[in-house]
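Comments concern the structure below.
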Amino acid sequence: MIDISWLSRSALLVGDDGIALLQQKHVLVVGLGGVGSFAAEFICRAGVGEMTIVDGDVVDPSNRNRQLPALATNHGASKARIMEERLLAINPNLKLHVVQDFLTPQKCREILSKPYDYVMDCIDSITPKVTLLSTALHSGVPIVSSMGAGGKLDPTMIRVTWLPETYQCVFAQYVRKRLKKLANAGNVKAVFSVEEVKRDSLVMTDGSNFKRSAYGTISYLPAAFGGVCASVVIRDLLDVPVTMVSRPKRIQPRKVKTNKHIAAKQTLGMR
């Protein structure tokens, strides 16, 4: 008999049936940095019975300002292995699968060949993120994806909407552009912030792990993103409504000019 007495406070909120339901679910968390490490822990502490966590990176000193696995005593250690130990210390009965690899297209297909009840994308680099989202969309599994948490300070400006409806987030704009040919890209729930990014906090990187640049970060903002991502997963699994914001009418996506539109403008003498 599995001991779930540690979830008694959660049961007061979601009921014994809710806890029993979460115990039967399998959630995939890809990326265990500032957003994903906290999101994974929140999923575990909510009582989800099975998890797969994916990250091929190791702890760097610069991670310590915002990432759950990062300590002064474990530089160079695998983030996935640190989180494995932590999650199992929270729930020894958790059925946990650990993938200590970076996300190549082949690895992505391999990971998503297994069944999941929810996919949580917490990757902060465009190329592997698009690889994961496009592969997951083909599988038909529900997805929540974290957009840009860098260069921002105000957690009260975090929102949730469908990916095509995101706005005022440069990172989300890049993701939308890369996925625009996929008809079902609108099935991705996106967590994003409408706060204007602090552009003067940008720094160029060495280009490793598909990252050529990065914005400055503060301790609590990525964790707040992780909390919202986890809340979307848990609420969806429990069939609790998630409020989705709408893109303001004053902010509309640019229309792609077609040959027909160009010809019409030329006919009217417009350039």
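Count residues from 1 along the sequence. Any value given below was found using the heavy atoms of this structure, including those in side chains, with hydrogens, waters and symmetry copies removed.
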Item to check | salt bridge (charged side-chain N to carboxylate O under 4.0 Å, His left out) partners of K198, counting only residues at least two apart | outcome: E195
Next on the checklist: For residues L12 and L238: do they belong to one hydrophobic cluster (side chain heavy atoms under 4.5 Å, members Ile, Leu, Val, Met, Phe, Trp, Tyr)?
Outcome noted: no
Checklist entry - What's the spacing between E85 CD and I82 CD1 if we round to 0.5 Å? => result 8.5 Å
Item to check | Shortest non-hydrogen separation from P164 to A185 and the atoms involved | outcome: CD-O, 4.0 Å
Next on the checklist: Let me confirm one number: the SG-CD1 distance from C44 to I53, rounded to the nearest 0.5 Å.
Outcome noted: 9.5 Å
Checklist entry - When you look at R178 and K129, which way does the side-chain contact (heavy atoms from CB on, under 4.5 Å) test go after all the steps? => result CA-CA 10 Å; R178 296 281 293 272; K129 190 179 199 72; over 6 Å; no
Next on the checklist: Tell me every residue that passes ring pair (Phe, Tyr, Trp, His ring centres under 6.0 Å) with Y118, counting only those two or more places apart in sequence or in another chain.
Outcome noted: none
Item to check | Side chain R247, main chain T166, donor-acceptor under 3.5 Å | outcome: yes
Item to check | Side-chain donor or acceptor of D55 paired with backbone N/O of K79 under 3.5 Å | outcome: no
Checklist entry - With a 4.5 Å heavy-atom cut-off, do V160 and T243 have their side chains touching? => result no
Checklist entry - Is V119 close to L112 at the side-chain level, that is, under 4.5 Å between some pair of heavy atoms? => result yes
Item to check | Donor-acceptor contact below 3.5 Å, side chain N65 vs main chain T217 | outcome: yes
Checklist entry - Hey, does K114 have a side-chain heavy atom less than 4.5 Å from the side chain of T52? => result no
Item to check | Student check: side-chain heavy atoms of P105 and R109 closer than 4.5 Å | outcome: yes
Next on the checklist: Taking salt bridge (Lys or Arg N to Asp or Glu O under 4.0 Å) as the cut-off, I'd like each qualifying pair that reaches into residues 146-169, sequence neighbours left out, listed once.
Outcome noted: none
Checklist outcome for this item: Taken in chain and number order and not counting sequence neighbours, the residues that satisfy side-chain hydrogen bond (donor to acceptor under 3.5 Å, both in side chains) with S62 are D60
Checklist entry - Applying the 4.5 Å side-chain criterion to the ILVMFWY set and letting contacts propagate, would I218 and L202 be lumped into a single cluster? => result no
Checklist entry - Can you name the closest pair of heavy atoms from I19 and A46 and give their distance? => result CD1-O, 4.3 Å
Checklist outcome for this item: residues 146-200 vs ring pair (Phe, Tyr, Trp, His ring centres under 6.0 Å), sequence neighbours excluded, gives Y167-F192
Next on the checklist: Taking the side chain as everything from C-beta on, heavy atoms only, tell me whether K25 gets closer than 4.5 Å to V233.
Outcome noted: no
Next on the checklist: Please check: side-chain N/O of Q23 versus main-chain N/O of G47, any donor-acceptor pairing under 3.5 Å?
Outcome noted: yes
Checklist entry - Can you name the residues that form a side-chain hydrogen bond (donor to acceptor under 3.5 Å, both in side chains) with D16, not counting sequence neighbours? => result none
Checklist entry - Taking a hydrophobic cluster as the set of Ile, Leu, Val, Met, Phe, Trp and Tyr residues connected by side-chain heavy atoms closer than 4.5 Å, whether directly or through intermediates, do V30 and M147 fall within one such cluster? => result yes
Checklist entry - Between V29 and A40, what is the shortest heavy-atom contact and its length? => result CG1-CB, 4.2 Å
Checklist entry - Under 4.5 Å between side-chain heavy atoms, hopping through other hydrophobics if needed: is there a path connecting I2 to M51? => result yes
Next on the checklist: Go through it in stages, so that I can follow the logic: the residues are V242 and D236, the test is side-chain contact (heavy atoms from CB on, under 4.5 Å), and I'd like the CA-CA distance, side-chain angles, deciding distance and then a yes or no.
Outcome noted: CA-CA 7 Å; V242 175; D236 274 350; 3.7 Å; yes
Checklist entry - Which residues satisfy the salt bridge (charged side-chain N to carboxylate O under 4.0 Å, His left out) test with R235, sequence neighbours excluded? => result none
Checklist entry - Between L133 and S145, is any pair of side-chain heavy atoms under 4.5 Å apart? => result yes
Checklist entry - Does T161 use its side chain to pair, donor to acceptor, with the backbone of V245 at less than 3.5 Å? => result yes
Checklist entry - Which heavy-atom pair separates S113 from E110 by the least distance, and what is that distance? => result OG-O, 2.6 Å
Next on the checklist: Donor-acceptor pair, distance only, cut-off 3.5 Å: does the side chain of Y220 make one with the backbone of L153?
Outcome noted: yes
Next on the checklist: What's the separation between atom SG in C169 and atom CZ in R176, rounded to the nearest 0.5 Å?
Outcome noted: 8.0 Å
Checklist outcome for this item: Closest non-hydrogen atoms of C122 and A39, given as atom of the first, atom of the second and distance, are SG-CB, 4.3 Å
Item to check | Sequence-distant partners of R64, salt bridge (charged side-chain N to carboxylate O under 4.0 Å, His left out), two or more places apart | outcome: none
What donor-acceptor contacts under 3.5 angstrom involve side-chain atoms of residues 88-104, with partners at least two apart or in another chain?
residue	atom	partner	partner atom	Å
N91	OD1	N93	N	3.0
H97	NE2	E50	OE2	2.7
Q100	OE1	R81	NE	3.0
D101	OD2	K107	NZ	3.4
T104	OG1	K107	N	3.1

Next on the checklist: Going by the rule side-chain hydrogen bond (donor to acceptor under 3.5 Å, both in side chains), which residues pair with N74 if we only count those two or more places apart in sequence or in a different chain?
Outcome noted: none
Next on the checklist: I'd like to check D124 versus V35 (side-chain heavy atoms, cut-off strictly below 4.5 Å). Are they in contact?
Outcome noted: no
Checklist outcome for this item: One should read off an interatomic distance between S125 OG and L132 CG, to the nearest 0.5 angstrom, of 12.5 Å
Checklist entry - How many angstroms lie between atom CD1 of I143 and atom CG of L137, to the nearest 0.5 angstrom? => result 4.0 Å
Checklist entry - Any link between L221 and V232 through a network of hydrophobic side chains (Ile, Leu, Val, Met, Phe, Trp, Tyr) touching at under 4.5 Å? => result yes
Checklist outcome for this item: The complete set of ring pair (Phe, Tyr, Trp, His ring centres under 6.0 Å) pairs with one or both residues in residues 49-83, sequence neighbours excluded, reads none
Next on the checklist: Let me confirm one number: the CD1-CG distance from I43 to L22, rounded to the nearest 0.5 Å.
Outcome noted: 8.5 Å
Next on the checklist: On a heavy-atom basis, which atom in A149 and which in P222 lie closest, and how many Å separate them?
Outcome noted: CB-CA, 4.3 Å
Checklist entry - Is the backbone N or O of V27 less than 3.5 Å from a side-chain atom of D117, with the two atoms forming a donor-acceptor pair by type? => result no
Next on the checklist: Suppose the criterion is salt bridge (Lys or Arg N to Asp or Glu O under 4.0 Å): which pairs have a residue in residues 27-42, not counting sequence neighbours?
Outcome noted: E41-R45, E41-R86
Checklist entry - Do F225 and S193 come close enough that some side-chain heavy atom pair is under 4.5 Å? => result yes
